[in-house]
Amino acid sequence: MATIELFNTLGGKTEPLTPVGGPALRMYCCGPTVYDYGHIGNFRTFLHVDVLRRFVRQQGIPVNHVMNITDVDDKIIRNAAAAGVPIAQYTARYERAFFEDLDALNIEHPEHFSRATGCIPEMVTLIEKLAAKDIAYKTEDGSWYFRIARFPEYGKLSKKDFDGIEDGARVDVDEYEKDAARDFALWKAVKPGEQSWDTPLGTGRPGWHIECSAMATKLLGDDIDLHAGGEDLMFPHHENEIAQSESASGNPFVRHWMHVRFLLVEGRKMSKSEGNFYTLRDLLLKGYRASAIRFLLISVPYRNQMNFTFDSLTESTNAVDRLRTFHQRMLKDGFAEGLNADIAAATAKAEQDYTAALANDLNTAEARAAIFDLVRAANSAADAGSLRAENATQILRVLALFDGVFAVLEDRDAAITRAALAWAEVEGRIDEAAPELVATLSFSDADIDALVAERTQAKKTRNFARADAIRNDLLAKGILIEDSKDGVRWKRK
Ligand SMILES: [Zn+2]
């Protein structure tokens with residue numbers, strides 16, 4: 001088992017990642033705020049956390065992983081009010097979409113999901129604890145704030161120097177500018193038209209930051225091995241989580257902090273106004289495959305800035321195809337008995353390089369390169385007739401190891417795209433889908449099987465015109481027919 005070295009934002013250096021206080025790694029990842037569909041930047045974070053949890057388990061360490069669902073915050077309150085619906089009704093569809101997107105991207109479910117609205121009593125208790133220490137204080141309007149002057153280590157995660165903090169200066173929004181070291185809201189007094197909870201603190205709703213502190217502590221205790229999130233959450237969100245949790249418990253809150261960097265799209269910051277803002281669903285409707293999106297988003301190591309381009313997505317599609325074809329080739333019988341020693345050595349090296357790369361701060365790019373080196377070497381040997389049955393067995397074992405983390409070999413792509421099209425239909429967004437995609441998927445597997453059978457029959461009766469017409473018709477809809485000595489096969493492009 002390799003020791004996993006992971007960069008720790010708190011210490012500012014790479015450190016071994018080990019569970020303390022039990023066999024399982026207790027990890028918390030800030031989940032989605034369910035007010036909209038997730039974009040590819042969000043999923044880059046969740047995918048790299050998926051890579052981490054899969055690799056940690058592969059190395060023999062169980063994980064106890066919690067992800068929160070933020071189903072009450074400023075944006076949700078605002079959007080639900082604008083739509084004139086209760087927040088639970090507003091968030092339900094985006095929560096459902098989030099789970100569908102996780103599954104489409106083959107992201108494993110954490111051991112626990114926790115909705116913020118399900119943990120209000122724990123948030124109240126935490127604020128009461130802070131109030132008893134005079135660290136939380138109530139303002140005239142009935143809101144509660146965290147007094148950051150009482151937490152001298154404020155800024156230790158984001159490495160910001162907050163000298164000259166003005167005691168009592170407050171900020172009441174959940175997301176605010178980087179230089180605003182202000183007392184932040186723990187509990188927000190009810191405003192007209194807003195949903196609220198009656199609690200011993202008064203009538204109101206929680207601030208965003210207290211939600212994560214309360215949920216993490218409730219499910220994992222007040223001494224957590226790893227906390228992850230996107231780099232945008234480092235300040236103020238994670239800094240505030242630390243201040244709240246450590247002030248309440250008196251213990252270090254989290255040992256290891258992991259932050260996943262932002263991505264650029266075609267070299268620019270992704271934003272709606274730039275027209276380069278993509279949700280997972282946008283890409284599926286354009287005809288890109290879920291497996292290729294997963295593979296691309298995890299192939300650039302999590303601490304590197306990634307430049308997402310459509311060229312790289314096409315390249316990723318080809319890479320996944322190459323892996324799947326190689327996998328099929330290794331599965332097929334027909335290699336002569338025995339072992340090719342050179343390929344056996346290349347296989348062992350690939351396995352070693354793969355493990356070493358991921359153990360080195362999750363270097364997914366090197367892990368991927370190690371496996372493609374093996375694909376190249378084994379394909380040439382197979383072409384030359386020198387690959388042996390025992391090599392194929394060994395290679396399949398290493399491929400399974402690789403796929404335990406990268407998870408792209410199983411082909412569920414067409415089903416996922418069909419589900420995306422069905423969703424677009426319901427949402428009145430089908431006109432955003434690529435026309436050839438709609439044409440391809442309007443044929444069910446059974447329809448295609450029937451046409452392929454008809455073509456085979458036509459060829460038998462020497463009706464080649466009909467056989468060609470069927471082939472061309474299917475091709476126009478993106479369905480390829482391959483005649484081989486084992487019979488006729490088809491696949492969607
Ligand atoms: Zn959080």
Side-chain angles (χ1 to χ4, degrees), residues 8-10 26-36 38-39 41-50 52-53 64-77 91 94-95 98 102 107 110-120 122-123 126-127 130 146 148 151 154-158 171 173-176 178 184-188 205-249 252-262 302:
N8 183 353
T9 311
L10 189 62
R26 283 166 303 136
M27 55 186 276
Y28 185 90
C29 175
C30 289
T33 301
V34 281
Y35 75 106
D36 204 346
H39 59 68
N42 301 139
F43 286 112
R44 185 183 189 215
T45 298
F46 300 133
L47 278 164
H48 279 283
V49 174
D50 187 55
L52 173 77
R53 61 166 280 138
N64 185 6
H65 175 186
V66 174
M67 182 188 276
N68 67 295
I69 304 284
T70 296
D71 59 350
V72 52
D73 88 328
D74 291 348
K75 291 190 285 280
I76 289 169
I77 292 265
T91 56
Y94 296 113
E95 184 184 298
F98 175 70
L102 285 187
I107 296 174
E111 280 60 33
H112 302 279
F113 283 103
S114 177
R115 283 198 195 103
T117 53
C119 296
I120 303 283
E122 287 81 2
M123 296 170 201
L126 186 54
I127 297 169
L130 295 170
F146 185 96
I148 64 170
F151 190 70
Y154 195 77
K156 69 179 172 181
L157 181 71
S158 52
V171 55
V173 288
D174 284 335
E175 288 173 81
Y176 46 89
K178 308 283 180 213
F184 56 90
L186 297 164
W187 184 260
K188 302 183 179 196
R205 62 176 172 96
W208 172 38
H209 314 299
I210 199 74
E211 295 180 7
C212 280
S213 279
M215 286 187 274
T217 306
K218 177 187 179 185
L219 290 156
L220 296 173
D222 55 18
D223 172 23
I224 297 167
D225 294 313
L226 175 95
H227 193 316
E231 67 170 335
D232 55 323
L233 299 186
M234 196 188 303
F235 183 88
H237 185 54
H238 291 159
E239 203 71 72
N240 291 353
E241 279 189 49
I242 292 174
Q244 296 161 158
S245 298
E246 299 194 354
S247 297
S249 73
F253 173 44
V254 169
R255 262 179 299 281
H256 224 114
W257 285 88
M258 171 187 181
H259 288 103
V260 180
R261 273 198 85 177
F262 265 5
Y302 75 97

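In each ligand, atom 1 is the first atom listed, and ligand 1 is the first ligand listed.
Between His259 and His238, the ring centre distance stays below 6.0 Å.
Between Asp74 and Arg205 a salt bridge is recorded (basic side-chain N to carboxylate O distance below 4.0 Å).
Among pairs with a residue in residues 216-228, those fulfilling salt bridge (charged side-chain N to carboxylate O under 4.0 Å, His left out) read Arg26-Asp225, Glu122-Lys218, Asp223-Arg255, Asp225-Arg255, at least two apart in sequence or across chains.
Within a radius of less than 2.8 Å around the Zn ion (ligand 1), the protein N, O or S atoms are Cys30 SG, Cys212 SG, His237 NE2.
Ring orientation note: the planes of Phe98 and Phe43 are close to parallel, at an angle under 30° on the 30°/60° scale.
Screening Lys156, His237, His227 against Ile242 for a side chain to side chain contact (heavy atoms under 4.5 Å, CB included) leaves a single residue, Lys156.
Shown here is Tyr35, whose OH atom has no more than 12 heavy atoms of other residues, nucleotides or ligands within 6.0 Å.
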